[in-house]
Structure formats: structure tokens, C-alpha cells
Amino acid sequence: MKKERLKENHQFLAKTISGLTDHIDLFETVQDLSRKIISQFDRKKIFQTFSQIVKEVVAYKYAAIFLFDKTDKSFFEAYNTGIPKNRLIKHLPEEKVITWVMYQGRWTVITDFEDKKATKIYSILPIVGREQSLGFMYIVTDNDESFYNRKFTSILGFVASQTAIALENLRLYDKIKSSQAYLQNMVESISNGIMAIDMEGKVTLINRNTTAILGIKTRQIIGRHYMDFLKGGLKKEVNKIHKEIQSKGYAVESMVSYRPYKEVQITVGITASLLTDQNKETIGTIVVFRNMSASTEIKRLTRLDKMKSEFVSNASHELRTPLSIIKSYTEALLTQVEHEDIETREHFLSVIDSETDHLTGIVSNFLDVSRIESGTYGLDYSQFSLKELVNSVIVRFKAKLTNIDIFTDFKGDTHVLDADEDKIREVLINLIANSVKFSPTGGIVSITVLERDKSVICSISDTGIGIPKDQLPFIFDKFFRVDNSDTYEIEGTGLGLSIVKHIVESHGGSMVAESILGKGSVFTFSLPKKRR
Amino acid sequence: MENEKLKERLSSIKSLPTLPVVASNVIQLTQNPDSTAPEIADAISQDQSLSSKVLMTANSAYYGFPGKINTINYAIVVLGLNNIKNIVLSTSIMERFSESDDDFLFDRKQFWQHSLLCGIISKKISEHMGIKNFEEMFMCGLLHDFGKVVLDTYFHEEFVQALEMAKTQEIPIKDAEYKIFGFNHSGVGALLLKRWSLPPSMVKSVEFHHKPDEKKSVKRTASIVHVADYLCRRIGIGSGGDDVTPTLNKKAWNLLELNAEIIKKMTIPIIQEFKSATGFLGNEKDSE
């Protein structure tokens with residue numbers, strides 16, 4: 001009796017042990033397979049692998065995977081192994097049964113084996129993630145009541161949980177991908193060039209504007225060292241800024257002149273900041289490139305616009321003064337001056353004559369500018385002596401002036417030039433008139449003419465109010481007038497110097513202005529002796 | 001020392017309580033990973049009264065399956081093997097140990113209520129922690145004080161002494177038991193469950209439910225039972241035979257990642273589930 005009981009026990013133990021061994025073997029296989037599920041980042045592949053593994057456990061006829069729709073709490077078929085859709089939907093259990101199974105969270109057979117009418121067995125394998133139910137696999141098998149046991153229950157539970165992890169990973173992966181695309185869009189839409197480099201100097205991110213601004217043609221930039229594809233002064237400057245920021249933690253914006261394409265010269269502004277990770281550890285540098293040329297151009301246009309409106313008011317004022325003098329003298333001549341008072345009449349007529357000259361001068365300046373702009377400003381070459389020209393011009397000034405002295409100093413002999421005499425006269429008149437205009441009473445204007453091998457140099461200096469240093473670079477610009485309370489009352493169109501410079505340069509000469517505020521200015525031009 | 005005393009005393013019992021053969025077979029079968037549903041159903045069907053209890057419990061509000069379960073086979077595949085094992089085990093034990101001597105000091109009805117509540121709380125905490133096998137945790141909670149019934153049945157007079165001592169001296173029953181027996185109910189319960197070949201993790205969880213941080217292998221499960229036992233007394237349903245709320249083991253509490261907020265949220269579902277689970281308590285009618 002006792003022996004038999006022992007034998008029974010032994011049999012039971014042997015059976016259990018072999019069952020457990022099988023269990024472990026199967027589990028190892030499933031573990032390998034499920035690793036395949038987790039490593040997938042494609043929903044269809046996850047479901048394929050999942051279905052394959054489930055089929056190795058329970059040899060189903062059909063299986064379909066349903067996922068819950070978070071928004072309306074319904075579920076939809078996401079995958080099936082080839083079952084006709086209508087047939088499956090017809091056999092889906094009531095929703096409350098599905099809800100119940102999902103809550104239990106384990107593989108549940110919902111067909112009663114003992115139901116004589118049942119030809120197929122339906123079961124539900126819930127796919128439950130960390131915090132929510134994701135969906136379930138609906139499994140259809142033949143009526144084989146022996147397929148339900150603890151081994152299969154635990155294996156299916158494990159595979160389903162791996163699938164849930166894979167699905168959640170996939171969701172996170174998609175989320176990362178879309179936020180990456182979002183950031184990429186942002187980086188691309190910024191009008192500056194942005195380039196991130198790691199600690200080794202290799203590029204980790206670069207936007208299209210960087211390659212556009214810098215004219216980089218290299219295709220694969222990510223992963224390359226910035227020293228590999230940047231060129232010239234830019235390469236040096238980026239290197240400097242990169243070193244500076246990595247050692248000091250900050251870098252001052254620097255500018256570098258750069259030629260991204262043939263015949264294009266731009267100014268690039270470079271700034272940089274440290275790139276840190278979530279632990280505030282430095283992981284690289286972000287370099288920002290700005291095309292400063294564009295902003296310089298805007299500045300220039302704004303200034304030009306301002307000058308043009310100033311010009312309109314200046315020009316009207318300029319024209320108005322001689323006109324009102326002419327008008328009042330003419331009126332006096334017609335109504336007040338006695339017919340016989342020849343002396344007064346001549347004086348008045350000479351005033352009218354000189355104001356008409358003044359007016360003609362202003363109008364011819366306007367015409368010059370418009371000719372210069374339309375490109376029809378031609379030169380009429382002839383041989384003449386600059387010395388004689390200077391002397392003839394200052395005679396006119398000396399005749400009018402009593403309170404300013406004009407000195408001349410000629411070095412050399414001939415001072416003969418091949419140039420447009422009328423135009424050079426205009427240059428001299430303009431420059432001397434300027435010097436006189438901006439000199440206080442008792443001031444001195446001196447004119448020096450030097451002779452070189454191939455050129456003649458003429459400087460006109462004064463002891464006038466001078467030009468502020470910051471405005472000096474612009475004085476040859478059209479419509480530009482030195483902005484200063486001292487000059488406010490002095491008339492002028494702001495065209496003279498721009499015409500002067502144009503005349504000198506169209507002769508192949510050059511023009512410079514030097515000035516010390518409050519002390520005076522020197523305008524020097526040089527002209528080639530021979531026509532080019 | 002404690003263990004030897006315990007073994008000595010227990011061996012003095014001529015017929016140690018055994019599980020009914022059917023229940024024992026079922027539990028053995030459910031532990032074998034290859035046992036199929038029909039095999040287990042056959043085993044349960046050997047006992048007519050057990051079969052009807054299983055069906056009644058399977059259809060109870062506690063499991064709440066939205067459909068009728070007419071056969072044992074179906075009960076097995078719908079509820080799963082762990083639940084079936086739980087139903088068989090708890091039904092058998094409660095039948096075996098429910099009769100009371102009308103002893104006002106140790107009210108069996110109150111005792112099983114306490115045990116059931118502890119089982120439900122253990123299960124809820126396990127669910128909260130994401131422990132897969134929360135059904136087994138229900139069993140651990142249900143049987144955590146099982147040793148008390150054994151002591152009450154087999155060493156009645158001394159156990160009554162212990163109960164009185166706990167009452168008059170206002171000490172926990174386990175300390176009173178120790179003073180009188182030299183061991184306490186957790187060891188007794190564990191020893192018996194081990195004899196019945198219940199899973200080692202369950203046995204150890206019962207054994208260490210008063211000192212959950214002492215046994216590494218069951219630290220987690222013993223802590224769950226420990227905290228559940230503590231919460232039961234705070235809720236105040238049922239009785240473990242003494243009135244002193246045991247001190248809460250801080251390490252166990254911290255291990256479970258619980259807080260007042262979570263407990264508050266859990267309380268109502270726990271009470272609801274308790275009401276629906278009274279079917280477990282033997283002769284009471286299902287509340288459905």
C-alpha cells in the first residue's frame with residue numbers, strides 16, 4: 001500500500017519535473033523570440049513577430065490584434081493573420097466581456113469547451129502596458145480543450161507584455177522623431193546659420209542657412225570636423241571663437257569679411273554659445289553665422305532715404321534764397337529806383353546777375369548729379385595748367401571776399417594736365433567754396449599744388465569748423481550733410497562733394513578728406529597728368 | 001530554538017490538520033505547468049460540494065464575470081488557474097476551520113473577515129505595485145493569521161490564555177503567544193502551509209509577516225502582507241483576536257511606495273470588493 005503511494009508520488013514528481021524542464025526550455029525560446037519583438041520599431045513587424053510566437057504556443061487558426069483608441073474608447077483592428085473580417089467581428093464577444101478580460105489582464109478563454117455547439121474556441125490575450133490597456137489579441141483555435149494550461153498562460157502573458165513594451169517604445173520613438181522634426185523645422189526656419197559642434201569639433205547639427213550663407217558645397221557635413229570644410233579667414237575666426245568659448249565660457253561676436261562665392265563679398269558676424277546637456281555638462285558649441293551685409297545695406301538705404309528728404313527741403317531752401325533776392329531787387333528796380341539813378345540800377349542788376357549765377361550753379365549741380373546717375377556724364381579732355389586754373393578761380397573768390405585770406409603754394413613747374421578743364425574748375429570752385437563757407441571770419445584757406453612724376457596733387461585746407469570723425473567717411477555721399485549745430489545755418493544741397501569726387505575719380509584720380517573737429521579740414525585730390 | 005519548540009509541540013498533535021484530498025490534488029495539479037483545464041476540472045469534480053462552491057464563487061460579484069459560468073471547466077479557463085486554486089484552497093480551509101466554540105475571545109467569523117480583508121488589501125497593493133501574481137498575494141493575505149486557528153483548535157486552553165494576556169496587558173497577540181508557547185502563530189501557520197505543499201513564497205510571506213525585512217527572498221511579499229494587516233486594523237473590519245494595532249514596519253512601508261493619498265483612493269474599492277467577496281466566507285450567501 002505504502003509502496004504504491006510512493007510510486008504514485010514518484011510518478012507525479014517525475015511528471016512535474018519534466019513539465020518544468022519543458023517550461024524552462026520553452027520560456028528560453030520565447031525569450032529569444034520576444035527580444036525580436038522589442039527590437040522592432042515598425043508596428044506591422046511587431047504584430048507579425050507577436051503573432052508568430054503566439055502561434056508557436058497555441059496553434060491558432062486565425063488571430064487578430066485590436067487596439068484601443070484613446071480618444072473615443074473604442075477599439076479597431078490593427079492586424080490580422082488573414083481571417084475574413086466579417087467573420088471575426090461577428091464572433092467578437094460583448095464589450096463588457098472584453099472590458100472584464102482587460103481588467104483581469106491575463107489570457108482568457110471565453111468559449112465553454114463543454115458547450116456542444118462550440119466548434120471553435122475563442123480567447124482573448126490582453127496587451128497591457130505600464131499604465132494602460134493598449135489592446136488585445138483575439139485568438140481562434142480549433143476545439144481542443146487540452147490547450148489551456150499554466151505554461152501557456154504564463155508564456156502568452158509574457159509575450160503580450162513584451163509586445164506592450166514594444167508598442168510603448170514605438171510610441172516614444174515616434175514622439176522623439178516628431179519632436180526632432182519639429183526642432184529641425186525651427187532650426188531651418190531661422191534666417192541665421194546655425195552649426196552645433198561637439199567637444200571634438202565634429203559637426204552634430206547644421207542648418208541649410210549655414211551652407212547657403214557660407215557657400216559650403218560639401219554634402220556630408222554632419223560628423224566632420226569644422227576645420228575640414230571651412231575656409232580662409234572664416235575658418236580661423238570660428239576656430240578662435242570655439243577655443244575662446246570653451247576656455248572662458250563666453251565669446252564676443254566677431255566679424256569677418258568672407259567670399260562665399262566668386263564676386264560676392266559679405267561680412268559674416270559670428271557668435272557662439274556653450275552647448276550643455278540636461279546635467280549642465282558642456283557637450284559642445286553652437287556657432288551662429290549672420291550675414292551682416294544685408295543689415296549694412298538696410299542701414300545704407302535708410303540713411304539715403306533720410307538724406308533724400310533732407311535734400312528736398314535743402315534744395316527748395318537753396319533755390320528760394322537767390323530767387324527771393326532776384327524777385328525783391330527786380331521789384332525795387334521796377335517800382336522804387338528812379339529811372340535816372342543809374343548807379344543804383346547797376347548795383348541792383350549786378351546783384352540779380354550774381355544771384356542768377358548762383359542759381360545756375362545750383363541747377364547745374366542737380367543736372368550733374370542726374371547725369372552722373374544716368375551715366376551720361378562725359379569728359380571733354382584738353383591740355384591746361386592746373387596752376388593757371390587755380391589762379392583764375394581764386395581771383396573770383398578774392399573779388400568777393402574781404403574777411404577770409406586765400407593763400408596759394410605751387411611746387412614744381414608745369415602742373416599741366418590732360419583733363420576736362422570745366423569739370424576741374426567745378427572741383428576747385430566747390431572745394432574752395434566749401435572751405436570758405438565753413439571758415440569763420442579771419443580764417444585762412446590755403447591751396448597747395450604738388451607735382452609728381454605722373455600726377456598732380458592739389459590740397460585745399462582751411463581753418464574752419466572741421467568734420468566730426470564719425471561723419472567723415474560719409475561726406476562724399478550724395479545728399480550727405482554734416483549733422484552738427486554749427487552747420488545748421490549754413491546752406492547747401494549736399495551734392496557738391498559727391499560731384500567733386502565723381503569728377504576726380506572719372507579722371508582716374510583719387511580724393512581724400514582729413515579733418516580735425518574745431519581745427520579745420522584738408523581736401524586733397526590727385527589727378528593723372530596723362531589721360532588714361 | 002523557537003523552531004524546535006514549535007516542531008516539538010506540533011508533533012505532539014496526533015493528527016495534524018490535513019487538506020482534503022481533493023483540494024490537495026487540485027493544488028498539486030495547478031502547480032504543474034502542464035496540467036490541462038480538463039484534468040483539473042476532473043479533480044475538482046470528485047467532490048460534489050467543492051464543485052458547487054467553486055461554481056458559486058466563480059459566479060459571485062467578487063469576480064464579476066459578465067456572463068454565466070456553468071461548468072468547472074469554463075470556470076477554470078475564465079478565471080484562470082490561480083483564482084481556481086485560491087477558491088479551492090480557501091473553501092477547503094474555511095470549511096475545515098470555520099466551526100467555532102462560540103468563544104467570545106476568538107470569534108471565527110470576525111477572524112475570517114479580518115483575513116479576507118487582509119487578502120483583498122494585499123491584492124490591491126500588489127496590483128498597484130504592478131505585481132503580476134496578485135492572485136497569490138490574495139491568498140497570502142487570507143492565510144497570514146492561519147496559525148491562530150490552528151492554535152485555537154489544537155491548543156485551545158493555552159491560546160485562550162494568550163488572548164486574555166493580550167487583552168489584560170494590552171500587548172499584541174503574537175507577543176502573548178510567544179510568552180506562553182515560546183513561538184507564535186506566524187510560525188505555526190507557515191509550518192502547516194508548507195506541509196500542504198503550498199508555494200514556498202506563500203509560506204515564507206506568512207511566516208515573516210510580522211518581521212518583513214528579515215527574509216530577503218520574500219521581503220516584498222511579506223511587506224505587502226504586513227502593511228495590509230496593519231491597514232485592516234485601521235479600517236476596523238473583522239478581528240485578529242487582539243485589540244492592539246501592531247507597529248508599522250517603516251522599511252516595509254517604504255518598500256511599497258505607498259502614501260496617504262494612494263491609500264485613500266484604494267479604500268473605497270477595497271470595501272466594495274470586500275462586500276462582494278463574502279462568498280468566500282463559507283456558509284454566507286453570495287451577496288449577488
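Labels below follow one simple rule: chain letters A, B, ... track the order of the sequence lines, proteins then strands, and each chain is numbered from 1. Treat the numbers as computed from the prediction; the structure is a model and nothing was measured.
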Enquirer: Quick one: closest heavy-atom pair of Pro66(B) and Lys96(A), and the distance?
Expert: CG-O, 3.5 Å
Enquirer: Specify the closest pair of heavy atoms between Thr36(B) and Asn149(A), including all atoms of both residues, with the distance to one decimal.
Expert: CA-CB, 4.3 Å
Enquirer: Which answer fits Gln28(B), side chain, backbone, both or neither, if we ask what part of it has an atom under 4.5 Å from a heavy atom of chain A?
Expert: both
Enquirer: Examine whether an atom of Thr111(A) lies under 4.5 Å from a heavy atom of chain B, and if so say whether it belongs to the side chain, the backbone or both; otherwise answer neither.
Expert: backbone
Enquirer: Measure across Arg150(A) and Thr30(B) and return the closest heavy-atom pair with its distance rounded to 0.1 Å.
Expert: NH1-O, 2.9 Å
Enquirer: Please say whether more than 12 non-hydrogen atoms of neighbouring residues, nucleotides or ligands are located less than 6.0 Å from CD in Glu95(A).
Expert: no
Enquirer: Between Ile69(B) and chain A, with a heavy-atom cut-off of 4.5 Å, which part of the residue counts as in contact: side chain, backbone, both or neither?
Expert: neither
Enquirer: Using a cut-off of under 4.5 Å for heavy-atom pairs, which of Thr108(A), Asp112(A), Thr153(A), Thr99(A) has the most such pairs with chain B?
Expert: Asp112(A)
Enquirer: When only pairs under 4.5 Å are counted, which of Ile76(B), Leu79(B), Ile40(B), Asn70(B) shares the most heavy-atom pairs with chain A?
Expert: Leu79(B)
Enquirer: Could you tell me which non-hydrogen atom of Gln104(A) sits nearest to which non-hydrogen atom of Tyr63(B), and how far apart they are?
Expert: NE2-O, 4.2 Å
Enquirer: Should the heavy atoms of other residues, nucleotides or ligands under 6.0 Å from CD1 of Ile268(B) be counted, would the total exceed 12?
Expert: no
Enquirer: Taking all non-hydrogen atoms of both residues into account, name the closest pair between Ile110(A) and Tyr74(B) and its distance.
Expert: O-OH, 2.9 Å
Enquirer: Are more than 12 heavy atoms from other residues, nucleotides or ligands located less than 6.0 Å from atom CZ of Phe76(A)?
Expert: yes
Enquirer: Can you name the nearest heavy-atom pair linking Val78(B) to Val109(A), along with the distance?
Expert: CG2-O, 3.5 Å
Enquirer: Determine whether more than 12 heavy atoms belonging to other residues, nucleotides or ligands lie under 6.0 Å from atom NZ of Lys55(A).
Expert: yes
Enquirer: Side chains of Asn83(B) and Arg106(A), heavy atoms from C-beta outward: is any pair under 4.5 Å?
Expert: yes
